[in-house]
Amino acid sequence: MLTSQTVSILFWNNKSKIRNGKAPIYCRVSVYGKRVEIATGKFIEPENWQSGKVTSKTEESKTINKYLILMENELYSKASDLSYRGEHISAEKIRNLYKGVGKNEKMFLVIFKDHNDKMKEMIGNGVAKGTHTKFSTIYSKVENYIATKYRLSDISIYELNHQFVVGFEHYLKVVHHMGQNTTMKYIQALKKLMNICVANEWLMKNPFGNFKCPITNPEREVLLEHEIEKIESKTFFSKRLDEVRDTFLFCCYTGLAFIDVYKLTTNELLMGIDGHKWIFTSRQKTKIKSSIPLLPPALKILQKYENHGCRVVKNKLLPVKSNQKMNDYLKEIADICEITKPLSMHIARHTFATTMTLSNGVPIETVSKMLGHTKLSTTQIYAKVIENKVSEDMKNLRLKLEKKSVNNKTKSLKRTV
């Protein structure tokens, strides 16, 4: 129910903007403590203003007072209309309806859907299918959030504020149990949409602009040499597991992400500057060119599939299955090889960056180039993994030395006896 405590309307004379002896009259609309101001277009001498009205007895003063009363009534009427329709009431919405903005009101989900529809049309032409899928998922989460939090099917972009995005963060983490990085990526998408609104001059500034999106660097799981050897030496009697194992190992030796090995063709296998075979490709994610000299184990895997149907029929270097199937089958391989780490296609890329290259002294700049990273700081995340590995190796060495010291003392005691 609409009450005087819900909506408050106050007129005031802004003496700080006095011109030619007169100051402008402003209207302040407040709803639950949040307020907006509307210029009335009327001016009056400050000495003739008291308690929200003009005190002089001139005809002009009477006309101004009548205008202010009509304006106040219309503003309350707009608020009542919102209440009657069961819509969310805000000071911004009352102001926009009064000024006629509501007739062409920009609704958030309408803009969001239009953005996603245009993105869908550009799949394969600068937009990856996965990017469109991500934005579609974010859309559904925002739609549910608005329905849950505001009990609305959509919300005006003029009502979006910092509190909206703070509430959305809480909703994603508490209701959907999302981690920090995924939550921040969702909010970054919303900030992008708001920037589009600003660019189109629908908004003066991004309402989410002050919200920071800190990303944490997760611990990267990698395979060590003896674990790679376990997988490599295992004999699989299942063709599907054999092909998945080979594709996974090829990524361990090249650093290719799933989508990049999936689309890899024979045309991207060329002779390099050193007279050996290289992979020359572009990363699907960043479009950055990646040049990778092939290690002997990677060449051996490619030779195995020279006459395979993937080459003859599809011109593909390897028989790569869907990402979901690859990851499902890798779990089977992990069980068979007694590897406790969660095998996935992305762990292969991490393994190349650490165990295969950085751990063996390959400069980080070279690794970054082969991985197709746009920034060296992205590659430096893997260097931290190496630090952990160094720490673990030193811990093992320390234990060996301590054990050796104990054995030497035992031998010395025996000789003394």
Side-chain angles (χ1 to χ4, degrees), residues 1-19 22-111 145-167 194 197 201-205 207:
M1 181 179 175
L2 190 65
T3 66
S4 58
Q5 284 75 36
T6 306
V7 180
S8 171
I9 296 172
L10 171 72
F11 292 96
W12 62 291
N13 197 217
N14 191 347
K15 296 176 183 178
S16 65
K17 294 186 177 182
I18 193 168
R19 294 288 185 276
K22 291 185 177 182
I25 299 171
Y26 279 84
C27 176
R28 180 176 293 153
V29 182
S30 302
V31 177
Y32 297 116
K34 293 186 178 180
R35 65 194 189 189
V36 296
E37 291 176 352
I38 308 170
T40 65
K42 305 299 179 183
F43 296 80
I44 193 68
E45 297 86 354
E47 62 268 21
N48 292 328
W49 179 264
Q50 188 177 356
S51 302
K53 64 180 181 180
V54 185
T55 56
S56 60
K57 303 298 182 181
T58 64
E59 285 301 316
E60 181 188 14
S61 298
K62 291 177 183 178
T63 302
I64 291 174
N65 281 335
K66 286 180 182 178
Y67 178 86
L68 298 181
I69 291 170
L70 288 172
M71 183 177 180
E72 182 179 22
N73 290 338
E74 190 172 353
L75 286 167
Y76 275 123
S77 176
K78 298 298 182 187
S80 296
D81 288 343
L82 290 172
S83 179
Y84 179 77
R85 295 198 298 264
E87 293 188 32
H88 173 70
I89 300 174
S90 72
E92 291 90 349
K93 199 159 194 174
I94 294 171
R95 177 192 62 188
N96 292 334
L97 288 173
Y98 173 78
K99 295 177 73 174
V101 176
K103 295 175 183 177
N104 299 301
E105 199 165 16
K106 300 294 181 183
M107 303 304 287
F108 186 41
L109 291 179
V110 172
I111 294 169
Y145 170 63
I146 291 171
T148 304
K149 174 80 173 178
Y150 299 94
R151 297 182 182 178
L152 296 171
S153 59
D154 203 346
I155 190 169
S156 166
I157 61 171
Y158 308 112
E159 293 185 60
L160 298 176
N161 52 30
H162 184 77
Q163 192 56 44
F164 178 92
V165 76
V166 169
M194 289 298 95
C197 292
E201 298 183 354
W202 299 330
L203 291 173
M204 291 294 291
K205 65 177 184 177

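In what follows, every heavy atom counts, from backbone to side chain, and hydrogens, waters and symmetry copies are set aside.
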Run Arg19 and Phe43 through side-chain contact (heavy atoms from CB on, under 4.5 Å) and show every step you take.
CA-CA 9 Å; Arg19 294 288 185 276; Phe43 296 80; over 6 Å; no
Between Glu37 and Lys17, does at least one N-O distance fall below 4.0 Å, as a salt bridge requires?
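Answer for the salt bridge query: no.
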So, Arg95 and Glu92, do they make that salt bridge, N to O below 4.0 Å?
no
Check whether any side-chain heavy atom of [X] sits under 4.5 Å from a side-chain heavy atom of [Y], and report yes or no.
{"X": "Lys34", "Y": "Asn161", "result": "yes"}
{"X": "Met71", "Y": "Tyr98", "result": "yes"}
{"X": "Ser83", "Y": "Ile89", "result": "yes"}
{"X": "Leu82", "Y": "Leu97", "result": "yes"}

What are the two closest heavy atoms between [X] and [Y], and how far apart are they?
{"X": "Glu72", "Y": "Ile9", "value": "O-CD1, 3.8 Å"}
{"X": "Ile25", "Y": "Trp49", "value": "CD1-CZ3, 3.7 Å"}
{"X": "Phe164", "Y": "Tyr150", "value": "CD1-OH, 3.4 Å"}
{"X": "Ile155", "Y": "Leu160", "value": "CG2-CD2, 3.9 Å"}

Drop me the distance from [X]'s [atom1] to [Y]'s [atom2], to the nearest 0.5 angstrom.
{"X": "Glu59", "Y": "Ile64", "atom1": "CD", "atom2": "CD1", "result": "11.5 Å"}
{"X": "Ile94", "Y": "Cys27", "atom1": "CD1", "atom2": "SG", "result": "10.0 Å"}
{"X": "Met107", "Y": "Ile157", "atom1": "CE", "atom2": "CD1", "result": "9.5 Å"}

Does atom CZ of Arg28 have more than 12 heavy-atom neighbours from other groups under 6.0 Å away?
yes
Any chance you could lay out the side-chain contact (heavy atoms from CB on, under 4.5 Å) test for Ile38 and Leu75, step after step, and finish with the verdict?
CA-CA 11 Å; Ile38 308 170; Leu75 286 167; 4.0 Å; yes
Should Ser156 and Lys106 be marked as a side-chain contact (heavy atoms from CB on, under 4.5 Å) after you check the CA-CA gap, both sets of side-chain angles, and the distance that decides it?
CA-CA 6 Å; Ser156 166; Lys106 300 294 181 183; 6.0 Å; no
Under 3.5 Å, is there a donor-acceptor pair between the side chain of [X] and the main chain of [Y]?
{"X": "Ser77", "Y": "Asn73", "answer": "no"}
{"X": "Ser80", "Y": "Tyr76", "answer": "yes"}
{"X": "Asn14", "Y": "Ser16", "answer": "yes"}

Can you give the donor-acceptor pairs under 3.5 Å from side chains of residues 50-58 to other protein atoms, not counting sequence neighbours?
| from | atom 1 | to | atom 2 | distance (Å) |
| --- | --- | --- | --- | --- |
| Thr55 | OG1 | Asn48 | O | 3.1 |
| Ser56 | OG | Ser61 | OG | 2.3 |
| Thr58 | OG1 | Ser61 | N | 3.2 |
| Thr58 | OG1 | Ser61 | OG | 2.8 |

